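To start, the structure itself, in structure tokens.
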There are 2 protein chains.
Amino acid sequence: MMILTAPERAALDQLGERERSVRKGMTLVRENERSTELYALKSGMLIAFVLLDDGSRQILRFIFPGDLTGMAVIAFGKAPHALLALADSVVVPIDRTQVADIVFRFPRVALALAALEQVERATLTDRLAGLGRMSARARVAAVLLDLRDRIRRQDENTGDTFALGLTQEEIGDATGLTAVHVNRMLRQLEEQGLIARSGGRVTLLDEARLMRSANHVDRLAAVDLSWLPGPSEA
Amino acid sequence: MMILTAPERAALDQLGERERSVRKGMTLVRENERSTELYALKSGMLIAFVLLDDGSRQILRFIFPGDLTGMAVIAFGKAPHALLALADSVVVPIDRTQVADIVFRFPRVALALAALEQVERATLTDRLAGLGRMSARARVAAVLLDLRDRIRRQDENTGDTFALGLTQEEIGDATGLTAVHVNRMLRQLEEQGLIARSGGRVTLLDEARLMRSANHVDRLAAVDLSWLPGPSEA
DNA sequence: CGAGTACTTGAAAGATCTCAAATTAGGTGG
DNA sequence: CCACCTAATTTGAGATCTTTCAAGTACTCG
């Protein structure tokens, strides 16, 4: 996605000295917990979520290998949301002072990181609009498309069939629905010939129609960093 | 909020050479419009929103004087959402190349800007959780509290009574509700003694209870940048 | 094989929306 | 300052969407 110089790459690689394994179902960070680390996910899958007073959970984001999460510690020194491993995972903790160090030494990398943050922010606002203004059916379709995009980004060979890696309860916590209603919406999408399901795997049968009903945009695919000042100017 | 050195301040001040006035009701930027500028709001009020296929609108954010908006152009070179003036406003356009310049020359300022972005991101996720998991009543209460916080930040003298500056339609577009239902929720909050209304002004009568029912957090108030490397190290 | 978790389905309750109409508020030209 | 015009608010009634509760079925892991 971006072309970095050798020293820039080296600096990024250096960040990942330590690794930390997290078992499926384990909490990596609790909400409001004091922390100055962010995390790069090497393998597995995480969710970022918040718990509301009434005990309900809102999943804010699915985190896939290659994703960074927890940049908020830059501003707060504590985690505004919890991190939970949905699969056995390996993360690389990075302290915020290391981030500051990168910004000082490699401003182009800083801008690239800022761009990544903006991609996530755009994704977040897409989801906001979905929760505010789309039907349950559309929101469920949106999750399916989002997961497919991101699984495919890890594994080029992913076709239209893939394993969700999520329970319907979790889809509900991401879409603001109950597990029961998620189930009904999945069935409806199936009955309408948009998807097929079997053995915990989903097949997107009519991607065009799915994308239309979910207002789907692949934000990461739209990134343009070609305007960044060249390495020579650094 | 942050302590910058004189040259850092000067660089920031320099960004605002030009100004642009926007009349109430005018669109400053359209969704998907090619643009390489972000904006600092000097006076007035803006909303950032997206339109969905069915014509419904989701307001993503209220923008008050002092706010920056449109950092997404760093990644996309186009606006992922529209900007509309809710009041006569004055903005200062800043090109993304100027931002890059700041990052290169003043890394501490870059980190401070990144922190501000994180505050907004946290606010965005708060709203996401609200839309996904909170009742209509709670979401309306949350908007009232949010507006109060931000109006107060502009004008220290703001007490518990303030002018919304929004129609119920707009509150609805922010909370994912219809104007009709917003009206009913306002009335309910009023009947329950949480707020009072008259002449387009709202009074928060029982702030504690409002904050509890809205899961309210003032993210900006929680920022801690004391860990940033001192100016001397720059 | 058994226990627990996830999935599925139905029926009824609850929340929110839609539609329609009446009332109020604000802004403008005379 | 008034009269008018339009936008905003308010209210009711019924429709629609989503949740809740309850129960049964299917999987998965040890």
Side-chain angles (χ1 to χ4, degrees), chain A residues 23-25 47 52 54-59 84 86-88 130-144 163-192 195-202 213, chain B residues 23-26 47 52 54-59 84-88 130-144 163-192 195-202 213:
Chain A
R23 239 346 124 52
K24 172 175 175 173
I47 53 173
L52 302 207
D54 64 354
S56 63
R57 175 172 75 169
Q58 176 65 48
I59 293 179
L84 175 81
L86 282 194
D88 289 346
L131 287 183
R133 289 306 191 194
M134 290 175 6
S135 67
R137 174 173 165 279
R139 280 181 266 165
V140 170
V143 168
L144 296 182
L164 280 182
L166 295 181
T167 66
Q168 294 178 1
E169 182 87 37
E170 285 154 356
I171 297 176
D173 286 343
T175 53
L177 302 169
T178 56
V180 172
H181 206 55
V182 168
N183 182 284
R184 290 194 234 269
M185 294 301 103
L186 286 171
R187 177 153 53 87
Q188 193 182 323
L189 289 170
E190 193 169 25
E191 282 165 359
Q192 295 171 340
I195 66 172
R197 290 184 296 158
S198 81
R201 299 172 70 78
V202 171
S213 44
Chain B
R23 232 357 118 49
K24 172 177 176 171
M26 289 293 105
I47 51 172
L52 303 207
D54 65 355
S56 63
R57 176 172 74 169
Q58 175 66 48
I59 294 179
L84 175 81
L86 282 194
D88 291 345
L131 287 182
R133 290 303 191 197
M134 288 175 9
S135 68
R137 173 172 165 281
R139 281 181 267 166
V140 170
V143 168
L144 297 181
L164 280 183
L166 296 180
T167 65
Q168 294 178 2
E169 182 88 38
E170 286 153 356
I171 297 176
D173 286 344
T175 52
L177 302 169
T178 57
V180 172
H181 205 58
V182 168
N183 182 283
R184 289 194 235 268
M185 293 303 102
L186 285 172
R187 178 154 51 86
Q188 194 182 322
L189 289 171
E190 194 169 24
E191 282 165 0
Q192 295 171 339
I195 66 172
R197 291 183 297 158
S198 82
R201 300 174 69 80
V202 171
S213 43

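Below, chains carry the letters A, B, ... as their sequence lines are ordered, and counting in each starts from 1. Given the structure is predicted, the values throughout are model-derived calculations rather than measurements.
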Q) At under 4.0 Å, does any side-chain N or O of Q168(A) touch on OP1 or OP2 of dT5(C)? A) no
Q) Under 4.0 angstrom, heavy atoms only, what part of the nucleic acid is R197(A) near: base, sugar-phosphate, or nothing? A) sugar-phosphate
Q. Which whole-number value in Å describes the distance from M185(B) CE to dT16(C) P?
A. 6 Å
Q: Side-chain contact test, heavy atoms from C-beta onward, threshold under 4.5 Å: evaluate it for I171(A) versus L177(A) and give yes or no.
A: no
Q: Give the rounded distance in Å between these two atoms: CD of Q188(B) and C1' of dT9(D).
A: 17 Å
**Q.** 5′-ward residue of the pair T167(B)/R133(B) relative to DNA chain D
**A.** T167(B)
Q.
What is the distance, to the nearest angstrom, from the CD atom on E190(A) to the C1' atom on dT9(C)?
A. 14 Å
(Q) Rounding to an integer number of Å, can you tell me how far L186(A) CG sits from dT9(C) P? (A) 11 Å
Q: Flag the pair R133(B) / D173(A) as yes when at least one side-chain heavy-atom distance between them is below 4.5 Å, and no otherwise.
A: yes
**Q.** Heavy-atom pair of closest approach, residues A138(A) and S213(A)
**A.** CB-O, 3.1 Å
Q: Might you point out which heavy atoms bring L186(A) and L144(A) nearest each other, and give the distance in Å?
A: CD2-CD1, 4.2 Å
Q: Could you check how far CG of L164(B) sits from C1' of dA7(D), rounded to whole Å?
A: 16 Å
Q.
Check the phosphate of dT11(D) against R187(B), side-chain N and O only, distance under 4.0 Å to OP1 or OP2. Yes or no?
A. yes
(Q) If you compare all heavy atoms of Q58(B) against all heavy atoms of G132(A), which two are closest, and at what distance to 0.1 Å? (A) OE1-CA, 3.3 Å
Q) When the distance from CG of D173(A) to P of dA6(C) is rounded to whole Å, what number comes out? A) 12 Å
Q: On DNA chain C, check which nucleotide each of A136(B) and K24(B) is closest to and give me the residue with the more 5' one.
A: A136(B)
Q: Would you kindly give the CG-to-C1' distance between D54(A) and dT19(D), to the nearest whole Å?
A: 13 Å
(Q) For DNA chain C, which residues of residues 174-184 of chain B approach it to below 4.0 angstrom with any heavy atom? (A) G176(B), L177(B), T178(B), V180(B), H181(B), R184(B)
Q. Just by modelled atom types, is the T175(B) backbone N or O under 3.5 Å from a matching donor or acceptor in the R139(B) side chain?
A. yes
Q | Atom of L86(B), atom of K24(B) and distance for their closest heavy-atom approach | A | O-CG, 3.6 Å
Q. Atom CE of M134(A) to atom P of dT18(D): distance rounded to whole Å?
A. 11 Å
